[in-house]
Amino acid sequence: QYVSGPALLRQYRAFGGEELPDGLPLQRLAEENADSSAARAITSAGNWLGLGLVSLVNIFGPEKIIIGGGLASLGDLLLVPARTVVAKRA
């Protein structure tokens, strides 16, 4: 609901994003403009991901967490905010 393709598009639109041209991914928009609706939506998803990971870290204390799925291809755009949340809260 918070960290998925459909959720990312909902956030993008909530931040004022317009319809995407065919084949233009949010990742490219975010990389081209860090203040864009796309970048803000990806950062928001990363923050939500981080909050979920905090629970896992606090309960299980894993040495590693492997992130998969379609949004994992966003790389640091998604993972830097998630890591920041985990570092602050776990």
Side-chain angles (χ1 to χ4, degrees):
Q1 178 177 354
Y2 297 103
V3 186
S4 66
L8 184 60
L9 287 175
R10 278 194 304 274
Q11 276 297 102
Y12 169 71
R13 289 185 188 110
F15 285 128
E18 299 175 4
E19 285 299 314
L20 295 170
D22 287 340
L24 183 62
L26 284 179
Q27 180 175 1
R28 185 163 144 215
L29 288 176
E31 290 170 345
E32 291 173 356
N33 182 355
D35 293 328
S36 68
S37 299
R40 291 176 30 210
I42 293 169
T43 298
S44 177
N47 289 333
W48 282 112
L49 176 62
L51 288 172
L53 295 176
V54 165
S55 296
L56 292 173
V57 169
N58 288 335
I59 293 169
F60 299 110
E63 291 183 30
K64 289 183 182 181
I65 299 173
I66 298 172
I67 305 297
L71 293 187
S73 66
L74 294 172
D76 283 344
L77 289 172
L78 180 73
L79 297 177
V80 167
R83 288 182 188 122
T84 301
V85 171
V86 171
K88 288 180 181 178
R89 296 180 177 234

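The shortest heavy-atom contact between Arg89 and Val54 is CB-CG2, 3.8 Å. The minimum heavy-atom distance linking Ala30 with Ala38 is given by the pair N-CB, 3.9 Å. Closest approach of Val3 and Ala45 over heavy atoms only: CG2-O, 3.4 Å. Between Ala7 and Gln1, the shortest heavy-atom contact is CB-O, 3.0 Å. In this structure, Ser36 and Leu29 approach most closely via the heavy-atom pair OG-O, 3.7 Å. Nearest heavy-atom pair across Ala39 and Ala34 is CB-O, 3.2 Å.
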For this session: Would you check, one step at a time, whether the test side chain to side chain contact (heavy atoms under 4.5 Å, CB included) holds for Leu9 with Leu26?
Result: CA-CA 9 Å; Leu9 287 175; Leu26 284 179; 4.0 Å; yes
Problem set entry | Val85/Leu53 under side chain to side chain contact (heavy atoms under 4.5 Å, CB included): CA gap, chis, key distance, verdict | CA-CA 9 Å; Val85 171; Leu53 295 176; over 6 Å; no
For this session: For the pair Ile65 and Val86, evaluate side chain to side chain contact (heavy atoms under 4.5 Å, CB included) and give the outcome as yes or no after the intermediate values.
Result: CA-CA 11 Å; Ile65 299 173; Val86 171; over 6 Å; no
For this session: Begin from the C-alpha positions of Leu71 and Ile42 and carry the test side chain to side chain contact (heavy atoms under 4.5 Å, CB included) through to its verdict.
Result: CA-CA 9 Å; Leu71 293 187; Ile42 293 169; over 6 Å; no
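Summarising the geometry, atom CZ belonging to Arg40 is positioned 12.5 Å from atom CG belonging to Asn47; distances are rounded to the nearest 0.5 Å. Residue Leu8 holds its CG atom at 10.5 Å from CD of Gln27, rounded to the nearest 0.5 Å.
No continuous path of ILVMFWY side-chain contacts below 4.5 Å connects Phe15 to Tyr12, so the two sit in separate hydrophobic clusters. Under the 4.5 Å side-chain heavy-atom criterion for grouping Ile, Leu, Val, Met, Phe, Trp and Tyr, Val80 is not connected to Leu78 through any hydrophobic cluster.
Other residues, nucleotides and ligands place more than 12 heavy atoms under 6.0 Å from the CD atom of Glu32.
Applying the salt bridge (Lys or Arg N to Asp or Glu O under 4.0 Å) definition to pairs two or more places apart or across chains, those involving residues 50-78 are Asp76-Arg83.
Applying the ring-ring contact (aromatic ring centres under 6.0 Å, His included) criterion to Tyr2, with sequence neighbours excluded, gives Trp48.
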